[in-house]
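In each ligand, atom 1 is the first atom listed, and ligand 1 is the first ligand listed. Here the structure is a predicted model, which means the values were calculated and not measured.
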Amino acid sequence: MSKHETPRDPNEVLEEYEETLDSVLAEVESPDEATTDDDISLGLPGLSLGRRDFMKAGVAAGAMGSVAGCSALSGGDSSAGSQSTPSSSGASHTVEPGEHDEYYGFWSGGHSGELRVIGIPSMRELTRIPVFNTDCASGYGFTDGTQEMLEEGGGYSWGDNHHPNLSETDGDYDGEYLYVNDKANGRIARVNLTYFETDAITDVPNMQAIHGCCVLSPDTKYVLGNGEFRAPLPNDGTDAKNPDNYTSLFVAVDPDSMETQWQVKVDGNLDIVDTGKEGRWAISSAYNSEEATDIQGMTKDDRDNVKAFDIPAIEQAVENGNYEEVNGIPVVDGTQGSSLNQGDRPVVKYIPTPKSPHCVEVGPNGDYAFIAGKLSPTVTMLDLNALADSSDPDEVVAGRPRVGLGPLHTTFDGNGHAYTSLFIDSQTVKWDIQAAVEAEEGSEDSIIEKQDVHYNPGHIQALEAMTTDPDGEWLVSLNKLSKDRFLPVGPIMPDNDQLIHIGQGEKEMELVADHPAYPEPHDCVFAHKDKIDAKKVYDKDDYEETYITEEDSGVERTGENSVHVKMTTKRSEFGLPDFTVQEGDEVKLSTTNIEGVQDIIHGVAIPEHDINYAVAPQDTREVTFTADDPGVYWIYCTYFCSALHLEMRSRMIVEPAEG
Ligand code: K7E
Ligand code: CUA
């Protein structure tokens, strides 16, 4: 029986809530976490709150639940487990066997380095796309083209992807590409959405961590990246011990050539970035305006400077030659003291905002940028239309509702509502955008309801919320901790992605599903299925590789110590039953899958040579390796392709070198 059919007694829930609160308080009272007797740290570095504040916040949330009889009590109950619950509003996220989901969801995979494609609303994982990692199932990072791409993209074996972004035309997704950052090594990658494969990786010069990443709306003129870590420029050992001379950079990468176009250096750290809808403003959140190197220093001040990058003004500066070239890249000076920031068209505007603010999301019509306070319980709304004439906070701040503790990210339903994740409160708060503009700063008047999530959410994302026309209906809360929600699987627990029904904003939020996620998604983005045209069979015209026919199969000696082996794959044989090379030969092996039928994949595995890769219908893949040791090596197919799959084999015979 579902919890919805037997709603719980609100008093019982309140009591339970108080108990949880007590145990949280007991936890944070341990001496190394408490800053003073009266202040408690809540697990978020640098944050301390008066205990009474915290009690108030907790009780208020509980009380709100009981008054509204809202889903925080019925649907958000922690015993829902890893199953989905039938929805009391009739919203179903079930997708029947054989049916397709309505939306593609693209999840960043954090330090796993991959992307995951998840169907919405079923939350079924459809595939994974290796980006900064290697993947032995597909052969990504092992085949010639992909290995080179990773090598030229810095040669790292891992990356930390946070922010997936879909390419746009006229402010809407065009289904062509997805761009994602590597926070670890300062890279930006591109994924081709025709074949769902990574096709470019750019190792951006002069930058260590690229954290925030977005495309410039409305037509993807640039892929923009935020340098989070301050470092000397150039970082060549000079001035290494003098943090006063460190700097943070903002970068623009060309979406077609994937080449770095220009950078802007700024004061303080950059964090997350999003753009307005008119191609002029890129807004970056920021922390560490203090320019410190330790946590106490970074969180000292009450305000940090959000930066508004004026893209056409920056382009003008580059065109006028107002830059310094560092490692081949034009770097424009956007620091506060820069001459480029003194006139009436500064390249960067600095807007003081409380406190170590984390996210920036620009709302659907491009009027406001929403900047969540992280260490302040507020969201600051910047009026993008007022920005051209002023950067005075009194003139450009359109609203500042008090939403709850630890606000991190905001998303939209397209019907005037904003939804903000509350890391510390473990809630999603829904609020009215216009009401927040009309209310006093710090007022809670705009808040409509709060939904408990489990636990500690980072990003939240509603359907197509980053376009000019969001679709509403579903929202996903990407919760960092799952604690007790799933069967224990050892100490490294999954995250918990929760699906929340929001309708068109007219309904109460309703939690409908829990989905464990392998570490560690940060963000996701959704596109309606009609906007993406994924091919099921390769089109050989899209690739330069030589297509190999059955007649081409054979061994060609290309040098004294090198051979080119060509062979086809089809059910259930390789084009060569065996082939012979000499010890020490460099072997280039090209394989074409000549099948024209969808979903018939063949794998090419060569034992003891560290080789396995997939060849999809009409695709050609190549590997190059050295045949070091004489002997017989069975080559076998790793995709179960037919009833005679086990028999699908070839032999590589390596003859001993003479003498
Ligand atoms: Cu995790 Cu967008 Cu990198 Cu916020 S970021 S949570
Ligand atoms: Cu081809 Cu199995």
Side-chain angles (χ1 to χ4, degrees), residues 44-45 107-112 137 159-165 180-184 209-214 225-229 269-274 284-287 356-361 370-375 379 406-411 420-424 426 428 453 455-461 466 476-481 495 497 517 519-525 567-575 591-595 597 599-605 612-617 619 621 634-650:
L44 198 66
W107 257 244
S108 60
H111 46 274
S112 74
D160 187 4
N161 62 18
H162 282 215
H163 300 110
N165 292 278
V180 68
N181 69 302
D182 170 14
K183 162 157 166 159
I210 293 185
H211 188 196
C213 179
C214 70
N226 268 356
E228 186 171 1
F229 301 152
N269 276 26
L270 295 170
D271 195 6
I272 311 290
V273 59
D274 194 14
S284 291
S285 59
Y287 61 103
S356 298
H358 182 53
C359 86
V360 177
E361 281 95 11
F370 296 75
I371 298 155
K374 188 168 80 181
L375 306 190
V379 174
L408 288 185
H409 291 279
T410 300
T411 191
T420 301
S421 60
L422 301 175
F423 182 87
I424 297 170
S426 282
T428 295
V453 296
Y455 304 87
N456 307 91
H459 278 269
I460 57 174
Q461 198 68 256
M466 305 306 277
V476 177
S477 176
L478 278 68
N479 308 316
K480 304 293 189 189
L481 309 187
D495 292 14
D497 298 342
E520 158 159 330
H522 277 256
D523 192 8
C524 54
V525 61
M567 63 182 188
T568 53
T569 67
K570 67 171 188 188
R571 278 161 293 170
S572 301
E573 57 188 28
F574 290 104
T591 35
T592 296
N593 180 346
I594 58 173
E595 310 258 6
V597 182
D599 205 17
I600 301 296
I601 319 296
H602 299 291
V604 182
N612 178 48
Y613 59 94
V615 210
D619 193 16
R621 297 280 152 161
W634 284 100
I635 297 175
Y636 72 100
C637 174
T638 41
Y639 276 73
F640 209 111
C641 52
S642 77
L644 291 173
H645 154 77
L646 289 175
E647 288 83 349
M648 183 170 171
R649 298 201 239 159
S650 175

Student: Answer yes or no: is there a side-chain heavy-atom contact under 4.5 Å between Lys480 and Phe423?
Tutor: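 Heavy-atom side-chain distance check passes, below 4.5 Å.
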Student: Has the side chain of Asn161 got a donor or acceptor atom that lies under 3.5 Å from a matching backbone atom of Asn181?
Tutor: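 Such a contact is absent between Asn161 side chain and Asn181 backbone.
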Student: Can you tell if the side chain of Asp619 reaches within under 4.5 Å of the side chain of Asn593, non-hydrogen atoms only?
Tutor: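 No, every pair of side-chain atoms sits at 4.5 Å or beyond.
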Student: Hey, does the side chain of Asn165 reach the backbone of His163 with a donor-acceptor pair shorter than 3.5 angstrom?
Tutor: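 Here the side-chain-to-backbone pair exists.
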Student: Between atom 1 (Cu) of ligand 2 and Met648, is there an N, O or S atom separated by less than 2.8 Å?
Tutor: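 Yes, since at least one N, O or S atom of Met648 sits under 2.8 Å from atom 1 (Cu) of ligand 2.
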Student: Going by the atom numbers of ligand 1, which of them fall below 4.0 Å from some non-hydrogen atom of Lys480?
Tutor: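 The atoms of ligand 1 under 4.0 Å from a heavy atom of Lys480 are 1 (Cu), 6 (S).
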Student: Could you check whether any side-chain N or O of Asn456 sits under 3.5 Å from a backbone N or O of Ser426, counting only pairs where one atom can act as donor and the other as acceptor?
Tutor: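 Between the backbone of Ser426 and the side chain of Asn456 there is no qualifying donor-acceptor contact (under 3.5 Å).
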Student: Considering heavy atoms of the protein only, find what lies nearest to atom 6 (S) of ligand 1 and give residue, atom and distance to 0.1 Å.
Tutor: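 Ranked first by proximity to atom 6 (S) of ligand 1 is His409 NE2, 3.5 Å.
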Student: Between His358 and His409, is the gap from one ring center to the other below 6.0 Å?
Tutor: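 Under 6.0 Å, so yes.
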Student: Using a 3.5 Å distance criterion without hydrogens, assess whether the side chain of Asn226 forms a donor-acceptor pair with backbone atoms of Ile272.
Tutor: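 Yes, because the side chain of Asn226 sits within donor-acceptor range (under 3.5 Å) of the backbone of Ile272.
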Student: What is the name of the N/O/S atom of His602 that is nearest to atom 1 (Cu) of ligand 2?
Tutor: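 Checking each N, O and S atom of His602, the shortest distance to atom 1 (Cu) of ligand 2 belongs to ND1.
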Student: Ignoring waters, how many protein N/O/S atoms are under 2.8 Å from atom 3 (Cu) of ligand 1?
Tutor: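 That number is 2, waters not included.
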Student: Among Lys183, His111, His459, His211, whose side chain to side chain donor-acceptor pair (under 3.5 Å) with His162 holds?
Tutor: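 Exactly one candidate clears the test, His211.
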Student: Quick check on contacts: which atoms of ligand 1 are under 4.0 angstrom from a heavy atom of His358?
Tutor: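 Per the distance check, 4 (Cu), 5 (S), 6 (S).
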Student: Run through Thr411, Asn479, Leu408 and flag the one making a side-chain contact (heavy atoms from CB on, under 4.5 Å) with Ser421.
Tutor: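 Among the candidates, only Leu408 passes.
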Student: Looking at atom 1 (Cu) of ligand 2, is one of the N, O or S atoms of Cys637 less than 2.8 Å from it?
Tutor: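 True for Cys637.
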